[in-house]
Novice: 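Take a look at the following structure, please.
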Amino acid sequence: MMDSGFDRRDFLKVMGWSGAAVALSGCGNTSIEDGKETVAPYVEAADYVIPGIGVYYNSSCAQCDAGCSINGRVREGRVLKLEGNPASAINNGRMCGLGQAGVQHHYNPDRVREPLLRNGDKGETITWDKAYELIAEKLSSVDGEEIAFVSGGVSGHLKVLLGNYLSSFGCKNHFVYEALAPGVVRAANKKSYGVEMPRYNIDKAKVVLSFGADFLGSWISPVHFSQQYAQFRKGTNGQRGTLIQVESKMTLTGANADRWVHLRPGTEGILALGIINALGTAKGDIAAAVAGYDRAFVSKETGVPPGQIDKIAALLKLRSPSLVLAGSAAEGYAHGSQNAEAINLLNYVLGNIGKTIEAAAAIPFPQMAPAKGNTAALKTLNDGLAAGKYKVLFNYAANPVFTAPGAMKFKGNMAKADFKVVFAHYFDETALQADLVLPLDSALEDWGTHVPEYMVEGAQINIQQPLMEKIHANTRGMGDILLALLKQRQADEYKNYEDYYAYLRAAMLQNKAALGGVDADDDTFWNETLMNGIVKLEGEATALSGKPNVAGLKLPTLMENDEEYPLHLIPSVNISLRDGRHSNQPWLQESPDPLTTIVWDSWVEIHPKKAAELHISEGDIVEITSKTGSIKTQAYLFPGIHPEAISIPIGQGHEALGRYAKGYGANPFEIMDAIFDEETGELAMHETRVKISKTGQKVIVVKDESAAGAKQIREKIAGRVSTDEVDLSKEV
Amino acid sequence: MSKRHLLALFSNFDEAELVVQELRTTKIDGFNVNDDMVVKSAIEHPEVEEFLGEKPVYVQWFTLFGATMGGLLGFFLISGAQANFYAQLKGGKPIVPLPPNFVLTYEMFILGGVFITVLGFLICAGLPARRSPLYSANVSEDQIGILVKSDEIATDKLKEIFSKHQALEIQEEAGK
Amino acid sequence: MSVSNLLENWSQFRHAHPVDDKPHDPYKWAMSIDLDTCSGCNACSVACYAENNLPVVGKEKYAHGQVMHWMRIEHYWDENLGEEGGSEFPDQGAQFLPMMCQQCEAAPCETVCPVGATNHTADGLNSQIYNRCIGSRYCSANCPYKVRYFNWYDYPSTDDVWPAEMTQQLNPDVTVRGKGVMEKCTFCIQRLHAAKVTAKNEGRIVREGEVQVACQQACPTNAISFGNLLDPEARVHKQWKAQQVELDKDKQLKDEKEGGTELRGYRILESMRPYPSVMYLERVRESAI
Amino acid sequence: MKDIREDIAWAKINQDVLKSLENPRKLYWWILFGAIAMLGIAVGCEVYQYNVGMGVANMDNPHMWGLYIATFIFWIGMSHSGTLLSAILHLMHADWRKPIYRFAEAMTTFSLLTAGLFVAVHIGRVWQIYYALPYPNDRGLWPNFQSPLLWDAMAIFTYLSSSILFLYVGMIPDLAICRDRIHAGWRKKLYTLLALGWEGTDRQWRNFRVTYLTIACFLIPLAVSVHSIVASDFGMSQAPGWHVTSFPPYFVAGALYSGCAAIITLFIILRYVFRFEEYMTLPILKKIVRLTFAIAMVWTYLNAVEFASVWYSHDEASKDVLIQKASGTYAPFWWAMIFCGSVVPLVLAFKRFQTNIPVLFAVSLLLNLGMWLERWMIVAPTFSHGIYPWAWDHDQWPSFVQWGMVFGSFGWFTLLFMVFCKVFPSVSMYEVKEMVYHRSLHLKKGKADEQGAH
């Protein structure tokens, strides 16, 4: 009686539990839908299955490349929820929404279940052996140069196997393609700091000046940066860190900034140099290089008021160390490299290098180090396809048909290859173009090792292990597939490895010593490795180079206004949908975009002032036209964007990818021009110019935000104070 | 000694009144005015009180009882029920919050009152009743009926009185 | 039974709560959310979907306002943004606010439920009993925060909400609600209960850090802290203490101080006297820039 | 303009009234069929809603309540006039009530029955509705007696059962008449059964008088309490626009108002259909009309009081709701309500309209429309513009399901009422006789005095 509230819940629990049990029926989840599976009574269950008790397994999150370690809750042989693995330095037991949705990637009803061979315009189911034979046969007829292999970022043993496979027929065309990779920043960092991916210590900085780096949302390693950010906000002895975000379209990070500075798209570099100039601490050639960038000029170019520039400079002077970040907004232009370098230069001038920017350790096994995805690869691939260089095309963990700029006509070019093999989880746009579709295990069913690109402390290898049995009998892990394919070519080399698991185990045990298991016997070492989910290593120290050279630094002044296409198109990266490969995970579709709270759709953000000029109001269906093409979507008036720019989120507008993604919204890639960064050849995603026009249709925007338009009325709901009104030192 | 019934019908009330007075005044043995006479009418005549003399009505006592019981039952049933929730506060209010209980007590008070009153009515008015041996549908229309019960010997005397006052009709119980 | 019971325990039946009631013992679950570190990333909300079997209603029903997110991330602009005299751009960013059931100590929803389906539990939760609920929806009508969500449809049997494969993800510790019942944030009561049972078996009370709610566990910035307000070790206890926010006040003493204290703890709609169990810490913005 | 004749033969009264019970004309069947069809629509909607879920009514978070609750209040309100006529006027010895109170009372009962249905239709799990009843059970589970909804349930149950008893007891003498006049068929059996062997003996009349009076005394405070409690469903909550002190009297006034309007409507219809010109005379109509006018003004006043008290309060939220009502999405309906409720009744102030049947008929319908709108305007705007701005919503337009139920409820009411007035005398015969009798007495006395003067 004392807590009958709970008693009732107990009852409910039982209900829920048995209800679930009925729906799930036993442990062997092979072929749920055709009801062939047998219900295994719990008394016969594997000894780790204790009815009603959750068991936790460590593994790695495969939703993005940040390399968070996860801790999966498994009950009655089913994975229920993914928590963060507290042992990981990257996410310390934390998880982002995207990572949480990993289970919906795994349980997704639209997964590919059988190997399919194109027959006319529909696929016919074939056996794996048949599929392997087919590949072998096709490969035998072409030589290595005529084979292209497209993949997303790969690392660890999978990368090794893939490398071995490609070299087994002398193919050098491995295109590592990630639609949203910080390619330009890597290059710029290499030039400025001597390393591609240094370690950023946001938590150590007193001021963070970010040029469009959405490190809380989608940039490099968001979950890790978020934790640093929390520390940075708490500050040391009450000295709270200050975040200044400079960008043309407000990102999640921008929304959390103390000062959000909007500037004309593409002028980030100029502002950076202007700030150096305003600081006045630079000497020698740097001083010379920035001499021209005085307040008046910079202000004219960027549209940032002179006073603002001074304030920023003053604050940077006042509080040290600080940290300056160059993000995707800065790099997305034809002169992206210059932008990035100019911004990095600011770090040098402020003397942050070595304090808030440190060299990260490198993984001692270079062959396992991540093959970094970029967009330059896409260009080469596309040109090759267009020229008909490639007869056979493999595609894995990338969806170029969806993410390639419309101007590239990738879909058409892809058709020129006469045999296209796609390893897929779902029928995405690329899989639909394939001749042979091979179904993959989900990340929660597969083995693997991953090496994150952004190392937090020392180096680490993440272990990926299955959290439950396969849902679909006929899917395979990528590793197993590669192994099988390798066996076709070098049977005797791989004959000892019955499957990828065996290979992985052997490979790990081989380097037991180097992996910190010197005096452990194989089984103990292996089990501990699996238990931890992470192998932490010293890593090889790398050094930051000294002084960057500013000779090459040349920033275009005021970009001439395009009369026909007056607006800049900013394809924004949604925190949960990213490049669109996750759009079929309903939780992500239904979790509102933080800034607009719009769900299940695309929208175009326009500044209210601009909208008034164009007589556009919320919910108007507008047509956005570029040189390349045009798309239609709903308008949303958004104050956090430069009036000369409009922004459309990436990730929607799928023509495939299953019931939760197909037919929602529009895909901004379709109208993207093929403009590339002059230095790195990376795709300049922010360069596309567009015009916008009303179609006359109007819809009610589906969003969580209310008619009050995200304003607090009457009552105090979300309180705010300025730093001089609070004393954080007393806080817990 | 067996009794016989007589029913006389009168067109208007004044006649009936005279009849009743005469029956009262004239001494007829085998006939007792107070017990053996019933006046039937289509409407409720306040005057009936006057010439039949005060007769007590007990319905109010039922009402009093019903209302009180209803009220008490209401209050204690509700408070008692609420007392079961002592582990589950609601909205920070006391477990036995008086204001709501008073509202409900009030309703129960009325409910009990009405129900028992009706019960009382049925009892006091002797309803549902078995139909009396002599009845004329005219009574429910516009005529006044006087039903008397008497020994055989009184019958003629009564008839005579009735007819003297222009009784429209005199019904007599079929003899045995 | 009842009359004698009434007479014996009359005095304790007449306590008002939380004002003059005996304090909770040994548990009073409470939360505090630091709006300065909250980045509005939605991780908590998704974690809630995963933990509590929340249905994904889809675009059409979302458009009708029938979404079921127990925890919603609200974002606010400056009052004067885009208005006369105000700035045209949000140059101080936005403000995010995770809003879920505030587990009020004197919950307006509890008094009005005709069947007593929502009650106050011994450890200070506002519990919702699904199989008692008849769906009069009076509780939501009376909820100042509008954080109660009604099952307008029978989601388990609705297409594409939980296809066969997805049902395997459902958390067996949490029931799947059918049509016509009200639901809301429970402070992950299934986790609390499990922790309490373990503690009870070991003859102690639940320790700080022993139990985490799903949103707190996921939060990348650790903005959410949750625990037993009565436990001096608990972070939440320390925070409430440090911020001088008291559970049973409808107006905090510190707010009456001249010139304000340098504290940022507050509770939403406190003046309506629901005595919420969630304390928010105001967002801070740099004055030097 | 003639009132009831004092020399009208009592036998004629019986005939005329009993005539209304005779075999109906074609028109009757048509209307009955129509009513059943309307009811059918509502049933269809309910079946659909029951199977698919409340969502099909197109309510949402936070628009938790819709037309169901509004219409529920409407029907409860309508029930009050019956009591007004039969109980209050009875105590005040207002003779003119006698020919018309019977159908007014029937109206009370039936509108209560209709209102009850809306509770069932409204709740999410109608199959569990019995949870709301205080039935003893070994788990010690009781409904929550703190909830105004439960007070509602209690009050309405009390009110319904009491009015049914009141109606029945008051009808017993007439049932006896029917028993005596109708000699065949099921009717005979029915009336014989229901008349309980009433013979109009002095003893029966004596107890009858007291009982009738007592129940009347109980009914008046009951009626007042019922609608005050309905008002507290809103007044007891915290929601802006509901949390208003003057709600109980406001609701009661509104109730009597809509009731009187409904009486005028039915008065006119019955008068025409059953040719009751003899009994439902124009002077009586005039009296009701004046009464209605008075109540209309009271309602208008209380309305003003509510607005004023909100306007001069410091409750910004409530102010906003008021402004929303007058200027927001609901503005047209809100102003329509003001017009129908406060402007239209002004017509009744003019003597020439007080007996003009077509005008009165139209007006009475408008008044009822206004009263229905009032209920809707109490329920809906508060939801779309409550305390918490984030939950403000694009206003939800009720779906056809909700409208269908509202529509159907009128069918249900009509059905019940039409059955009633074919089975039971809708004019109280014995009381009309009393009325006539007393008038004639007065005249006699009058004559007598004149002679005495000579």
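Labels below follow one simple rule: chain letters A, B, ... track the order of the sequence lines, proteins then strands, and each chain is numbered from 1.
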Novice: Top residue by heavy-atom pair count (under 4.5 Å) with chain C, among D:L149, D:N144, D:V56?
Specialist: D:N144
Novice: Quick one: which of C:K146, C:E74, C:K179 has the most heavy-atom pairs under 4.5 Å with chain D, could you say?
Specialist: C:E74
Novice: Identify which part of C:V147 has an atom lying under 4.5 Å from any heavy atom of chain D, answering side chain, backbone, both or neither.
Specialist: neither
Novice: Donor-acceptor pairs under 3.5 Å, side chain of residues 93-106 of chain C to any protein atom, not counting sequence neighbours: which ones?
Specialist:
from   : atom 1 : to     : atom 2 : distance (Å)
C:Q102 : NE2    : C:M100 : O      : 2.8
C:Q102 : NE2    : C:Y280 : OH     : 3.2
C:Q103 : OE1    : C:N126 : N      : 2.8
C:Q103 : NE2    : C:C185 : O      : 3.1
C:E105 : OE1    : C:H17  : NE2    : 2.4
C:E105 : OE1    : C:H24  : NE2    : 2.8
C:E105 : OE2    : C:H24  : NE2    : 3.3
C:E105 : OE2    : C:K28  : NZ     : 2.8
C:E105 : OE2    : C:H120 : NE2    : 3.0

Novice: Between chain D and each of C:E110, C:M68, C:M272, count heavy-atom pairs under 4.5 Å; write down the option with the most.
Specialist: C:M272
Novice: Among the options D:A391, D:P389, D:A239, D:P148, pick out the one with the most heavy-atom pairs lying under 4.5 Å from chain C.
Specialist: D:P148
Novice: Between D:W75 and D:S409, do the side chains contain a donor N or O and an acceptor N or O under 3.5 Å apart?
Specialist: yes
Novice: Heavy-atom pairs under 4.5 Å with chain C are the metric here; pick the option from D:Q146, D:Q128, D:M64 that has the most.
Specialist: D:M64
Novice: Between D:R375 and D:F74, is NZ or CZ placed under 6.0 angstrom from the six-membered ring centre and within 45° of the ring axis?
Specialist: no
Novice: Heavy-atom cut-off 4.5 Å, strictly under: side chain, backbone, both or neither for D:S399 against chain C?
Specialist: neither
Novice: Only pairs of heavy atoms separated by less than 4.5 Å count here; which of C:S157, C:C143, C:S140, C:G178 has the most with chain D?
Specialist: C:S140
Novice: Under 4.5 Å heavy-atom distance to chain D, tell me which part of C:P144 shows up: side chain, backbone, both or neither.
Specialist: both
Novice: Measure C:R148 against the heavy atoms of chain D and call it side chain, backbone, both or neither at under 4.5 Å.
Specialist: backbone
Novice: Please table the atom pairs, donor to acceptor, closer than 3.5 Å between any side-chain atom in residues 42-49 of chain D and protein atoms at least two apart or in another chain.
Specialist:
from  : atom 1 : to     : atom 2 : distance (Å)
D:Q49 : OE1    : D:Y68  : OH     : 2.5
D:Q49 : NE2    : D:V121 : O      : 3.0

Novice: Going from OG1 on D:T71 to NE2 on D:H122, what distance comes out if it is rounded to the nearest 0.5 angstrom?
Specialist: 11.5 Å
Novice: Between C:M182, C:R72, C:Q66, C:R137, which residue shows the highest count of heavy-atom pairs closer than 4.5 Å to chain D?
Specialist: C:R137
Novice: Using a cut-off of under 4.5 Å for heavy-atom pairs, which of D:D233, D:L150, D:L133 has the most such pairs with chain C?
Specialist: D:D233
Novice: What's the spacing between C:H64 NE2 and D:M59 CE if we round to 0.5 Å?
Specialist: 13.0 Å
Novice: I want to check something: taking the side chain as every heavy atom from C-beta on, are D:W65 and D:F72 in contact at a cut-off of under 4.5 Å?
Specialist: no
Novice: Where does D:F383 contact chain C at under 4.5 Å (heavy atoms): side chain, backbone, both or neither?
Specialist: side chain
Novice: Using a cut-off of under 4.5 Å for heavy-atom pairs, which of D:N58, D:I69, D:V126, D:T382 has the most such pairs with chain C?
Specialist: D:N58
Novice: Below 4.5 Å, heavy-atom pairs only: which of D:V119, D:I129, D:N51, D:D152 has the largest tally toward chain C?
Specialist: D:N51
Novice: Using non-hydrogen atoms and a 4.5 Å limit, figure out which bit of D:Y130 sits close to chain C: side chain, backbone, both or neither.
Specialist: neither
Novice: Kindly say whether the aromatic ring centers of D:W242 and C:Y138 come within a distance under 6.0 Å.
Specialist: no
Novice: How about CZ on D:F407, more than 12 heavy atoms from neighbouring residues, nucleotides or ligands closer than 6.0 Å, or not?
Specialist: no
Novice: Working to the nearest 0.5 angstrom, can you tell me the gap between C:N42 CG and C:I73 CD1?
Specialist: 5.5 Å
